[in-house]
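Okay, structure first, notes after.
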2 protein chains.
Amino acid sequence: MVARSANVSRVAVSRAFNPHTSLKPEKRALILKVAEELNYTPDRAARALVSGRSHLVGVIVPDVCSPWESQEIDALTTALQNEGFATLLFKTRTDLSMDATLLTYMKGFNPDAVIAFVENVKPTILAGVLDRAVPIYVHYPRETEAGFDRPDADGPLYDRLNVLQYAGIEQAVALMQGYGAKRLAYLTGVYRSGASTAREDTLRKVMADRGLGEPIMVVGDFTYDTAYAATVDLFRVGDGADAVFAANDVGAFGVIDALRHELKLRVPEDVKVVGFDDIEQSHWKSYNLTTVKIDLDERVRALVRLILRRLSKPSAGALEETVQTRLVVRGTVG
Amino acid sequence: MVARSANVSRVAVSRAFNPHTSLKPEKRALILKVAEELNYTPDRAARALVSGRSHLVGVIVPDVCSPWESQEIDALTTALQNEGFATLLFKTRTDLSMDATLLTYMKGFNPDAVIAFVENVKPTILAGVLDRAVPIYVHYPRETEAGFDRPDADGPLYDRLNVLQYAGIEQAVALMQGYGAKRLAYLTGVYRSGASTAREDTLRKVMADRGLGEPIMVVGDFTYDTAYAATVDLFRVGDGADAVFAANDVGAFGVIDALRHELKLRVPEDVKVVGFDDIEQSHWKSYNLTTVKIDLDERVRALVRLILRRLSKPSAGALEETVQTRLVVRGTVG
DNA sequence: TTGTAAGCGTTATCAT
DNA sequence: ATGATAACGCTTACAA
């Protein structure tokens with residue numbers, strides 16, 4: 001240990017770098033000064049070994065490059081960095097399944113917490129593999145106007161972030177209906193995605209309440225290309241629709257482009273389109289998309305709060321945070 | 001150590017997990033089986049302490065959420081994961097400067113290598129702070145038709161990836177000129193960005209060679225909104241242009257939208273537009289952008305090769321890889 | 001092939 | 001307020 005030889009003794013250095021330890025201020029200052037000159041930084045691996053805290057947060061995503069994910073990772077990384085953590089990124093295979101291999105692989109890095117944006121894994125499996133790290137789920141509970149369901153009577157069984165979609169979807173449907181839409185289609189996300197099925201459930205409820213019947217189902221997978229092709233199908237093979245509600249913004253872009261460039265229909269005059277997420281690209285003039293916004297900053301703050309609370313009280317009961325959605329009105333409904 | 005109590009002795013477990021050690025096959029198999037049952041994984045922090053290899057690769061970016069960066073991070077994470085590494089993500093402040101604080105912070109995590117996509121930091125500084133990790137630069141050398149300059153006579157001074165832009169830019173200018181463009185504007189990237197200034201230099205050279213004079217300079221910063229506003233300015237306050245070459249695709253989208261939606265000009269009939277990068281969004285029908293492509297997979301493979309070669313031979317001279325660019329022709333020139 | 005012992009850089013405990 | 005010592009979980013000599 002360099003700093004020590006240049007200076008005084010051993011553990012003093014450790015104390016100098018830990019705020020809540022007793023050390024004469026002048027001594028601390030001296031040590032920090034020498035440390036800086038010697039370009040010394042405490043080794044977090046060694047620290048992790050004894051403290052049990054790696055200050056690493058594992059983030060598992062299927063696609064870093066989809067705009068919503070990347071914007072979330074961006075915000076999350078910033079927030080974690082401010083709290084002294086670093087983001088450790090892992091990608092699932094294309095099939096969205098988070099297999100045991102990846103989990104085991106990640107476990108080796110000893111993350112303090114794991115945020116799973118992938119839904120196709122049972123909480124029990126994640127918790128089983130990662131004995132040390134605490135997993136956090138993004139959950140889309142079933143809702144009504146009155147509030148949201150709790151499948152587990154006494155609070156959640158795992159730490160989770162509830163995303164409440166009712167308000168935003170209700171507003172979206174109301175707007176489309178207000179502009180005369182009667183035959184409403186829903187473009188799904190990827191097969192069995194929790195986010196997409198929750199959106200579908202809520203949409204069905206809202207539409208039924210408003211006398212709009214059932215949505216016309218269009219199968220997508222959150223990507224542009226699939227949305228584009230599915231929309232062409234809907235109008236060429238199927239009976240079309242006068243409004244399309246997409247499970248995410250990128251899908252909505254595919255719908256709009258298929259409508260305008262392939263089917264020569266006007267948006268919003270002939271067909272209205274609403275998306276979900278409100279990503280950066282949604283305000284681009286070519287799309288100018290009306291969409292249900294999830295407040296990213298709020299969502300990320302909630303996530304970070306969850307992590308910090310859990311780490312400061314490892315034995316606490318399951319934690320929970322809740323964020324809302326709301327409609328952002330732009331130019332694709334009118 | 002759990003696995004040991006359940007089984008036989010101590011170091012045997014370590015050997016079981018390291019392929020190139022001598023251990024009776026049946027014993028290894030037994031240990032691995034027991035380990036799996038006990039959900040045991042070797043602790044990489046502890047391993048890093050003694051081996052000096054953390055298997056962490058630090059990636060520093062200004063914006064995870066810009067499409068190009070996120071696509072690169074995505075590909076890189078996949079590639080690193082396949083080689084037994086994990087991506088450790090760090091974000092610079094908005095001003096693009098990579099201050100010593102961040103570097104020191106990162107150093108604490110002991111990455112084996114660092115990829116700096118940020119350009120506003122001197123190689124000497126990076127190398128000085130990160131004594132253990134090897135930094136890798138993305139470099140845009142000055143080029144002519146004949147080849148590219150080496151500012152350093154005997155190969156590079158630091159490991160780096162050279163991105164050769166001449167071919168792609170030459171093709172782009174030829175295409176625009178071929179369709180009758182005479183007054184060509186260049187939309188820059190962010191102030192003092194190496195990528196942007198290298199593109200500008202090459203563009204000037206190519207234009208001069210083709211008798212097109214100097215480009216009309218339009219100041220951007222790689223973002224959509226700035227590109228949009230700058231384009232409106234160029235045509236409302238300035239004298240316009242009949243072709244715009246943007247330093248990146250997102251900027252090109254801003255140009256196109258300003259042209260079409262604000263200035264009521266047609267692309268490509270009235271103004272031709274070319275971008276740079278070929279991101280996923282560039283083939284979206286609303287833009288259908290003609291652009292200079294950097295082959296992402298090739299680029300990422302080169303980066304990973306650089307890392308692996310450096311780690312396997314820490315004392316080797318400075319390493320170098322080179323990737324090309326080429327024009328992808330779509331619908332914004334014609 | 002296998003086990004023993006030492007040590008990687010840090011912090012917690014117990015002294016002083 | 002400060003120092004000595006042990007321990008965190010692992011790997012790499014060296015010895016058997």
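In the text below, chain A, chain B and the rest are named by the order of the sequence lines, each starting its count at 1.
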So, for B:Val64 and A:Asp74, which heavy atoms are closest and what is the spacing to 0.1 Å?
-> N-OD2, 2.7 Å
Give the rounded distance in Å between these two atoms: CG of A:Asp43 and C1' of D:dG9.
-> 14 Å
Measure across A:Thr21 and A:Arg15 and return the closest heavy-atom pair with its distance rounded to 0.1 Å.
-> OG1-O, 2.9 Å
To the nearest angstrom, the CG-C1' distance between B:Leu30 and C:dT2 comes to 15 Å
Closest non-hydrogen contact found for B:Tyr105 with A:Leu80 is OH-O, 4.4 Å
Atom-to-atom span, CZ of B:Arg15 to P of D:dA13 - whole angstrom = 11 Å
Starting at atom CD1 of A:Ile31, determine the distance to atom C1' of D:dA1, rounded to an integer number of angstrom.
-> 12 Å
Closer to the 5' end of DNA chain D via nearest nucleotide, is it B:Thr21 or B:Leu49?
-> B:Leu49
Measure from the side chain of A:Val11, starting at C-beta and using heavy atoms only, and say which of D:dT11, C:dA12, C:dG9 lies closest.
-> C:dA12
B:Lys24 side chain, from C-beta outward: closest of C:dT1, D:dT11, D:dT2 | C:dT1
B:Ser14 side chain near D:dT11 phosphate (N/O to OP1/OP2, under 4.0 Å) | yes
Nearest heavy atoms of A:Leu32 and A:Ala16, plus distance in Å | CD2-O, 4.0 Å
If you measure only the distance, is there a donor-acceptor pair under 3.5 Å linking the side chains of A:Ser54 and B:Arg44?
-> no
Nearest of D:dC8, D:dT2, C:dG7 to any side-chain atom of B:Val50?
-> C:dG7
Round to a whole Å and report the spacing from CZ of B:Arg53 to C1' of D:dG9.
-> 20 Å
Nearest-angstrom distance from the residue atom CG of A:Asn18 to C1' of D:dA1 | 16 Å
Between atom CZ in B:Arg47 and atom C1' in C:dT10, what is the gap in whole Å?
-> 20 Å
Rounded distance in Å - CG (B:Asn110) to P (C:dC8) | 15 Å
Nucleotide nearest A:Ala46 when distance is taken to its side chain, options C:dG9, C:dT2, D:dG9 = C:dG9
